[in-house]
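Data block below; observations after.
Chain naming here is simple, since letters A, B, ... match the order of the sequence lines and numbering starts at 1 in each. Computed from a predicted structure; not experimentally measured.
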Amino acid sequence: MDTFKTRFLAARQAVIDMSLRDLNPQQRQAAEAADGPLLILAGAGSGKTTVLIRRIACLLRFGRAADTEEIPPEATEEDLEFLERYVRLGSPEDRERAEALCALDPAMPWQILAITFTNKAAGELTSRLEKLLGAEAGDLWTSTFHSACVRILRRNRDRLGLNGADFTIYDTADSQSLIKRILKDFAMEEKSYPPRSVLSFISAAKNKMQDPEDCRKAAGIDLRRQQLADVYREYRRRMLQADAMDFDDLLLNTVRLLENDGEVLDYYRRKFRYILVDEYQDTNMLQYRLVSLLAGERKNICVVGDDDQGIYKFRGATIQNILEFEEDFPGARVIKLEQNYRSTSTILDAANAVIRHNQGRKGKTLWTSNGKGDLITLYTAGNENEEAQYVAGRILASFSAGGNWRDHAVLYRVNALSNRLEYAMKRNGIPYRIYGGTRFYDRAEIKDMLAYLAVVANPGDDLRLRRILNNPPRGIGDTTVERAGQLAAEQGSSLYEILCHAEEYPELRRGLNGIRSFTALIRDLREKRTETLDVLYDELLRRSGYVAMLEERDTQENITRLENIQELKTNILSFIRERSGVGTLEDFLDEMALYSDTDEMGKEGDCVSLMTMHSAKGLEFPTVFVVGAEDGLFPGTKAIGEDEEMEEERRLCYVAITRAKQKLYITNARQRMVFGRTQNNMLSRFIQDIPEEYLQKLPMRETAAGTGFRAYHTGSGSGSENSGSYSAARRPERSRPAPRPLYSAPKSAAPAYVPKVGDRVKHKAFGGGTVLTVKTVGPDRMLEIAFDDSGTKKLMLSAAARFLQKE
DNA sequence: AATCCGGTTCTTTTT
DNA sequence: GAACCGGATT
């Protein structure tokens, strides 16, 4: 081989290595691989996002260079010398030119499509890419599946056969109310056809790319399935009529568009030279089809995922996609990232021990060079109150030892468990935030405002129009609306069109005045579409009479509603700012439909996080509490006995455990009230799979029988468990626990000396110091003390009292 | 049109 | 145990 080439290859490899030197060998391999299908099996905490980012950077900087023996044909001796000098000296100012000399077919930013599942993940990817690449990052397509589809569909809206100019997105609540309408019109009982399950039937059908007709055929003589197919057909008919798409339609219609329109397919295949998909284990069939369509013959598709973390089967995700990737894309390279940078080895070993029992998995074993760390604490409480109080106590203790609130997360299987925990947090003055409650735009008044805006954008949207037609009341009664609905159905036109010609129909006479003022309102607002969005919104608030209606009575409820409406204005303003004034009404509505405010996670200051295990995916915390670890709850009753369900639950357990960086607590309760019934559950079988050597079980021994309450004093020996002062007071007066949920700090623990701000104090361990702040936290006080020699520390008074005296 | 009552339901939910 | 929905009642 000619020496020039050999030298060039060596120098180039060295340059690339220099740019990736902070990655481990597997990560580096994944970042360097360029063309062809690539599966990255990334265990929890293995630096998956980092790899994605570095891979993109690598494609942009080096193109195929890291992955081939080819050298750029135009390379000269002079270039080579430059490279070799750079390798020798590593002068940072030469870096850019050196990297450019190495590049072979570098990708352009707009040729890269990176798909994530959540807006949060997409946002994180974008911001980290911006940091690394600067302005170049702006031309990358980093988006969720759904927003990528919206983008494709909008660009090709004239090929979709719409009635109007554009389409509207229905969220799940919209879809559900449409289903309810249809059930009503079909005189079907909601009891025998729960809207939710009808919807998931339709969703499943779409996932298999089945038409209503296909479903009808597949139903055979099954009457129920025939009926479901009929509802599906009507659902689709009304969606088409209103130019509306639900979340599944966004994917489905994009797939259809690409399949049926060679020109469009060709365009995107050419455009996206490289495709990256994150969280591939959570993709469904439609998403798989979409991705393979786009990948085309080139098959430059890189998917990242962890088969052990697939927890969304119930929404149509199939881990088959990741398990069968190598068959779907023959010749695929597979790289496993098994080094974990997040957790202690104890936590990882426990997680491995749990997930090992699953059959359908690729098989990975996480390891770490982090130390063993603390044992996992398994605390068995008598009941759910005790459990919650234990968690609160541990959080207080950790906080007083200098931790932040935000370093703690409490994870549960079902939202129903959050109540007790919330009370415990409140009682102890712990700042907390519960994720996954009602979303901002799920509130009625927000939905109303958005419905107005949606109708302004698209008057053919019957569903939204019905929502606002008589809201605020305009004297348009149900019967009038029903009659108008019938007329619309007969004439195959939209409700709005009927209303616009209401005077032609005698049966609408009763509501004529109201209808006129409504259609006039919409007409006027539609004229304002050319103004900026905030002007339109102000006009809406003024003209609709909605605000006036709320201002009539200033109840607390109305006041919050007005605030929320104002808050939406803030959203609009920041939307306009983001889009530098060019955001359209349609864009805004898209964003509202596609963005949930769980995307705001973690932006809320210093708080303990309470959330379901599902929402915790992708997050990490120094200290994690997994509560309710009981058979019947986790795994839930419905899953026990079902193999596939059990595997999914076990994956969920794996996800939960691997959220913890340093300290993991697992709790269960011997007795627990669930849905108004008292249950006696056994410790979760998943937890029983964790070898004893990793666990510290509390309480270590039973306290005197018959007191009803047990404190979790651990006595001597385990110095880290000194939270007794937060535990339930021992009350010997009754032999049975009476209904008394409240815990109070034992009186005997009330310290004689309560420091005040500015006091000089002396601490046995930390020496002299000055009290900076004193804050009441539940039954206790949190002190912040600036020690003369040991820095500023936060201490809980009850814990510190015996070491502390006034100087 | 508003309010009350009573029966029902209760995994998980990135979009 | 609580929240939510639909129907009935005024």
When we call it a touch if two heavy atoms are under 4.0 Å apart, what does Met613(A) touch: a base, just sugar-phosphate, or nothing? nothing
Only one of Lys313(A), Lys617(A), Arg315(A), Arg651(A) forms a salt bridge (Lys or Arg N to Asp or Glu O under 4.0 Å) with Asp282(A), so which one is it? Lys617(A)
With syn defined as a glycosidic angle within 90° of 0 and anti as the rest, where does dT12(B) land? anti
Could you walk me through whether Thr612(A) and Ser615(A) satisfy the side-chain hydrogen bond (donor to acceptor under 3.5 Å, both in side chains) test, starting with their C-alpha distance in whole Å, then the side-chain angles of each, then the deciding distance to 0.1 Å, before giving a yes or no? CA-CA 5 Å; Thr612(A) 64; Ser615(A) 355; 2.6 Å; yes
Is Arg651(A) touching bases, backbone alone, or none of the nucleic acid, heavy atoms closer than 4.0 Å? nothing
Between dA2(C) atom P and Glu384(A) atom CD, what is the distance in whole Å? 12 Å
Please verify the inter-ring angle class for Phe314(A) with Tyr312(A); under 30° counts as parallel, over 60° as perpendicular, anything in between as tilted. tilted
Short side-chain N/O contact to dT13(B) OP1/OP2 from Ser615(A), under 4.0 Å: yes
What's the CD-C1' distance between Glu190(A) and dC4(C), to the nearest Å? 12 Å
Whichever of Ala639(A) and His146(A) has its nearest DNA chain B nucleotide further upstream toward 5': Ala639(A)
Roughly, in whole Å, what's the span from OH in Tyr312(A) to P in dT11(B)? 17 Å
Heavy-atom nearest nucleotide on DNA chain B taken for Phe247(A) and for Lys191(A); more 5' hit belongs to Lys191(A)
What is the distance, rounded to the nearest whole Å, between atom CG of Leu290(A) and atom C1' of dT15(B)? 14 Å
Any donor-acceptor pair under 3.5 Å between the side chain of Arg315(A) and the base of dT12(B)? no
Using a heavy-atom cut-off of 4.0 Å across all strands, would you classify Glu645(A) as base, sugar-phosphate, or nothing? base
Assign Thr637(A) to base, sugar-phosphate, or nothing according to its heavy-atom contacts below 4.0 angstrom with the strands shown. nothing
dT13(B) phosphate, OP1 or OP2, under 4.0 Å from Thr612(A) side-chain N/O: yes
Scan Glu649(A) against the nucleic acid and name what it touches under 4.0 Å (heavy atoms): base, sugar-phosphate only, or nothing. base
By the 4.0 Å heavy-atom rule, please label Arg413(A) as base, sugar-phosphate, or nothing. base
Same-atom distance (C1') from dT12(B) to dC5(C), integer angstrom: 23 Å
Ignoring backbone atoms, establish whether Asn119(A) has a side-chain N or O less than 4.0 Å from OP1 or OP2 of dT15(B). yes
Just checking Asn415(A): base, sugar-phosphate only, or nothing, at a heavy-atom cut-off of under 4.0 Å? sugar-phosphate
Backbone N or O of Asn253(A) within a donor-acceptor pair of the Arg256(A) side chain at under 3.5 Å? no
The nucleotide from dG6(C), dT14(B), dT11(B) with an atom nearest the side chain of Lys180(A) is dG6(C)
Neighbour count above 12 (heavy atom, 6.0 Å) for Arg154(A) CZ: yes
Taking 5.5 Å and 30° as the limits, would you call Phe314(A) and the base of dT13(B) a stacked pair? no
Measuring only the P atom in each nucleotide, how far is dC4(C) from dT13(B)? A whole number of Å is fine. 16 Å
Rounded interatomic separation in angstrom, taking CD from Gln176(A) and P from dT15(B): 18 Å
Would you kindly give the CD-to-C1' distance between Glu552(A) and dA1(B), to the nearest whole Å? 13 Å
Can you identify which nucleotide, out of dT11(B), dT13(B), dG6(C), has its nearest atom closest to the Phe675(A) side chain? dT11(B)
Which of these passes salt bridge (Lys or Arg N to Asp or Glu O under 4.0 Å) with Arg238(A): Asp243(A), Asp246(A), Asp461(A), Asp185(A)? Asp185(A)
What does Phe145(A) touch in the nucleic acid at a heavy-atom separation under 4.0 angstrom: a base, only the sugar-phosphate, or nothing? nothing
Atom-to-atom span, CG of Leu417(A) to P of dC10(B) - whole angstrom: 17 Å
With a 6.0 Å cut-off (strictly less than), is the heavy-atom count around CG of Asn680(A), excluding the residue itself, greater than 12? yes
Please report, rounded to the nearest Å, how far the C1' atom of dG7(C) is from the CD atom of Glu189(A). 12 Å
